[in-house]
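For clarity, every value in this text was computed on a predicted model and none was experimentally measured. Chain identifiers are assigned alphabetically (A, B, ...) following the order of the sequence lines, protein sequences preceding nucleic acid strands; residue numbering begins at 1 within each chain.
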There are 2 protein chains.
Amino acid sequence: MVTIKDVAEEAGVSIATVSSVINDSRPVAQATREKVLKVINEMGYKTNPVARALKVGNTKRILYIVPSIKNLVFAQFINQVQHSLIKKGYDLILLNNEARVDLTKSYLSIIHSSNIDGLIMTQTRSCGKLIVESCQQKKIPFVILFEPDIFKEESMVTSDEKTGMDQAVEYLISQGHHKIALLKVADSRNQNKRFHFFKEKLAESGLEFNNDWLITTAGHDEKAAYTAVTNYLQDKKPEFTALIGCNDFLTLGAIRAFRKYKLKIPAEISLIGYDDSIAEYLYPALTTVGLPKKKLAKKSVEILLNKIKQPDYQAEQNKFSQQLIIRDSVANLKKAK
Amino acid sequence: MVTIKDVAEEAGVSIATVSSVINDSRPVAQATREKVLKVINEMGYKTNPVARALKVGNTKRILYIVPSIKNLVFAQFINQVQHSLIKKGYDLILLNNEARVDLTKSYLSIIHSSNIDGLIMTQTRSCGKLIVESCQQKKIPFVILFEPDIFKEESMVTSDEKTGMDQAVEYLISQGHHKIALLKVADSRNQNKRFHFFKEKLAESGLEFNNDWLITTAGHDEKAAYTAVTNYLQDKKPEFTALIGCNDFLTLGAIRAFRKYKLKIPAEISLIGYDDSIAEYLYPALTTVGLPKKKLAKKSVEILLNKIKQPDYQAEQNKFSQQLIIRDSVANLKKAK
DNA sequence: CTGTTAGCGCGTTCAG
DNA sequence: CTGAACGCGCTAACAG
């Protein structure tokens with residue numbers, strides 16, 4: 001390995017001078033600078049980030065903790081976050097805690113050993129709390145990417161749930177749907193929010209909210225949704241003409257359940273999903289509320305790097321609007337008549 | 001930050017002793033050990049990995065370079081690799097090069113600055129070559145995860161393409177299919193291999209290979225496949241009763257094309273995919289050749305860590321068999337009669 | 001069994 | 001404008 005010392009010797013200057021030209025930390029005579037730069041190039045010198053980190057106290061590493069990586073939504077977040085970070089000279093360390101508290105706890109030591117400069121998390125309550133507390137304690141800058149505002153005073157970027165739900169309901173109405181059901185995970189904070197805006201929009205639109213048209217599931221995946229919707233259909237025929245699933249996987253479960261009961265999609269039941277994760281792979285291709293993933297990821301990195309630079313950086317909260325992506329899973333009831 | 005020095009002072013011993021108990025690097029009197037341990041606990045001391053790395057020369061960080069993260073196959077690899085690494089006390093640094101040479105080149109500096117202990121890559125030829133050369137030059141231990149044997153003398157873990165194709169063809173035959181088509185990317189090394197085993201198995205089974213039943217695509221995604229299959233169907237009605245797509249996305253493209261031409265799936269055309277990425281989300285749920293992703297990922301980590309420990313560790317190559325996952329996209333022609 | 005000390009590679013005073 | 005020297009936190013000889 002070629003060190004700063006080797007460069008100094010070869011260039012006939014001191015290591016301090018080499019350091020100065022690398023970091024532009026103090027004026028260096030043009031001639032000396034050029035000479036040093038030349039030697040650096042020739043010898044292929046790269047500053048050793050580990051030594052630098054030890055001295056300066058930063059590591060140029062950002063930890064990103066996600067609850068899952070199999071879900072395409074998070075994969076897309078990771079992708080964006082990584083690209084944004086690399087541009088700024090930071091490395092991404094990835095941790096997937098499967099939304100499990102035990103795993104999260106075992107990961108805490110990584111935070112605690114403070115060999116990261118900052119942290120980004122996309123986490124639900126219980127795990128999120130553990131992480132946030134660790135960061136606060138160790139004074140590690142962090143930002144929350146895409147989770148509802150649990151920690152009011154912390155930096156976070158979220159998507160504006162209202163815009164998405166408004167568009168979804170408006171679109172359904174425009175297609176002649178007036179009886180709209182909602183499918184959601186029973187105890188998801190984020191989905192409760194969607195539910196809230198759902199009712200709000202219904203009221204605004206002069207539509208009645210029918211409590212009977214709320215279907216709740218035990219889990220976040222298609223299996224839980226399939227079970228819930230199947231149970232629902234066992235008792236009664238659906239009176240609604242459209243259903244909004246609070247994520248694409250739930251909606252997939254619903255599709256399978258409706259199919260089992262020979263209900264045609266979208267002819268008899270129209271569907272809208274959320275997140276735009278697997279929506280385009282489904283059949284029929286799912287109309288869904290898309291998340292502004294790129295914007296969210298980019299902004300979260302931006303805020304984090306600011307916080308790292310300025311320890312007193314004020315907590316900043318950003319919301320980005322959602323966008324309905326129209327595909328083939330909603331029937332036009334007006335045309336049909 | 002509490003350092004080893006603080007602990008030493010508090011415990012009334014030297015830093016060397018503290019270091020000894022932490023690393024178990026030399027015998028320490030039971031009483032001293034307990035005392036030190038107690039102080040470490042009380043003060044919440046964590047060894048600083050950066051300082052450790054500077055001294056010892058290792059960083060406990062492994063770089064994993066993937067060509068994409070949106071593809072669920074890679075997401076699953078990442079997931080497994082990360083879990084295996086964390087168990088061994090290593091962090092995963094993730095780099096996604098989008099299979100682009102320019103991005104790969106810009107990432108090379110990370111390899112070159114040697115602040116990683118080892119590298120795992122899942123890469124195609126051109127990018128893979130760049131990375132392999134960098135590693136060889138810098139003597140960084142690496143292992144190739146799931147790519148065909150481009151670099152014969154290097155450590156790699158791959159899946160046994162023969163087992164998968166054999167099962168796929170056998171299954172189709174068992175369901176009464178004798179006219180089988182193959183859909184593959186034109187210039188993919190991996191898929192060429194699948195094609196090779198396809199022909200081989202056909203011959204073994206006494207089935208003819210019809211050159212007309214090979215459809216090639218320009219890209220790896222469903223759009224390229226849709227275009228290719230649509231073009232194919234424009235000219236002629238398919239004579240084959242089943243088609244094997246060399247990945248699930250290609251097969252999805254085929255499904256859409258067949259649908260466009262009102263061909264019923266699986267009644268008129270049976271389908272098999274590859275990889276088990278999006279297979280279960282499709283309609284009909286896709287029968288597909290599953291990759292032994294867990295085994296592959298685990299083994300690659302195991303080999304890499306061995307190589308890190310023993311620089312003269314012999315290159316090791318492992319193959320794991322594939323497993324056909326049966327779902328709903330293949331019709332039983334025998335029953336139908 | 002334990003303490004002292006010399007670096008790992010770098011950035012940064014403090015003198016010149 | 002430049003160089004010598006110190007120290008970041010830790011480990012590993014080398015002494016005791």
Side-chain angles (χ1 to χ4, degrees), chain A residues 1-40 43-61 89 109-110 112-117 138, chain B residues 1-40 43-61 89 109-110 112-117 138-139 309:
Chain A
M1 165 178 267
V2 31
T3 75
I4 201 171
K5 204 174 153 191
D6 302 326
V7 175
E9 275 175 21
E10 182 69 22
V13 297
S14 77
I15 56 170
T17 304
V18 178
S19 176
S20 305
V21 350
I22 294 168
N23 301 303
D24 224 6
S25 45
R26 59 183 194 183
V28 174
Q30 192 55 26
T32 323
R33 148 167 283 120
E34 275 166 17
K35 170 123 200 207
V36 170
L37 250 21
K38 190 167 159 251
V39 174
I40 285 181
M43 305 184 72
Y45 166 79
K46 301 274 174 186
T47 121
N48 179 334
V50 175
R52 186 177 201 289
L54 178 58
K55 183 66 191 175
V56 180
N58 66 18
T59 59
K60 292 282 180 182
R61 304 161 49 165
S109 70
I110 296 182
H112 208 268
S113 70
S114 70
N115 59 144
I116 52 167
D117 288 353
K138 294 290 289 182
Chain B
M1 167 179 265
V2 30
T3 74
I4 201 171
K5 204 173 153 192
D6 302 326
V7 174
E9 274 176 21
E10 183 70 21
V13 297
S14 78
I15 56 170
T17 304
V18 178
S19 177
S20 304
V21 349
I22 293 167
N23 302 305
D24 223 8
S25 46
R26 58 184 195 183
V28 175
Q30 191 55 26
T32 324
R33 149 166 283 121
E34 275 166 17
K35 171 122 201 209
V36 171
L37 251 21
K38 190 166 159 253
V39 173
I40 284 179
M43 303 183 74
Y45 165 81
K46 300 276 174 187
T47 119
N48 179 335
V50 175
R52 187 174 201 289
L54 179 60
K55 180 66 189 172
V56 179
N58 66 17
T59 58
K60 291 282 181 182
R61 303 159 49 163
S109 71
I110 296 182
H112 207 268
S113 71
S114 71
N115 58 146
I116 51 166
D117 288 353
K138 294 290 290 181
K139 306 224 187 305
K309 253 188 228 159

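When the C1' atom of C:dG9 is taken as reference, atom CG of A:N48 falls 6 Å away, rounded to whole Å. Following rounding to the nearest Å, B:K55 (NZ) and C:dC10 (P) show an atom-to-atom distance of 15 Å. Rounded to whole Å, atom P of C:dG9 lies 7 Å from atom CG of B:L54. Atom CE of A:M1 is separated from atom P of C:dG7 by 19 Å (rounded to the nearest Å). Atom NZ of A:K60 and atom P of C:dC10 are 16 Å apart (whole Å).
Counting any heavy atom pair closer than 4.0 Å across all strands shown, A:I15 reaches a base atom. The residue A:S19 sits close to a base: some heavy atom pair falls under 4.0 Å. When heavy atoms are screened at a 4.0 angstrom cut-off, B:S20 is found touching no nucleic acid atom at all.
Across A:A53 and A:T59, no two heavy atoms sit closer than the pair CB-CA, 4.0 Å.
Between B:D24 and B:R33 a salt bridge is recorded (basic side-chain N to carboxylate O distance below 4.0 Å).
Near DNA chain C, defined here as any heavy-atom distance below 4.0 Å, the residues from residues 26-36 of chain B are B:R26, B:P27, B:V28, B:A29, B:T32, listed numerically.
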The test is side-chain contact (heavy atoms from CB on, under 4.5 Å); show your working for B:I22 and B:I40 and say whether it passes. CA-CA 9 Å; B:I22 293 167; B:I40 284 179; 4.0 Å; yes
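Using a 4.5 Å heavy-atom cutoff, the side chains of B:T3 and B:D6 are in contact. At least one side-chain heavy atom of B:V7 sits under 4.5 Å from a side-chain heavy atom of B:V2. Side chains of A:T47 and A:I4 form no contact here, defined as non-hydrogen atoms less than 4.5 Å apart.
Rounding to the nearest 0.5 angstrom, the gap separating the CD atom in A:Q30 from the OG1 atom in A:T32 is 9.0 Å.
Counting only distance, with no hydrogens or angles, the side chain of A:N48 and the backbone of A:V50 share a donor-acceptor pair below 3.5 Å.
First and last contacting nucleotides of DNA chain D toward chain A (any atom under 4.0 angstrom from a heavy atom, 5' to 3' order): D:dC1 to D:dG9.
There is a side-chain donor-acceptor pair under 3.5 Å between B:S14 and B:T17.
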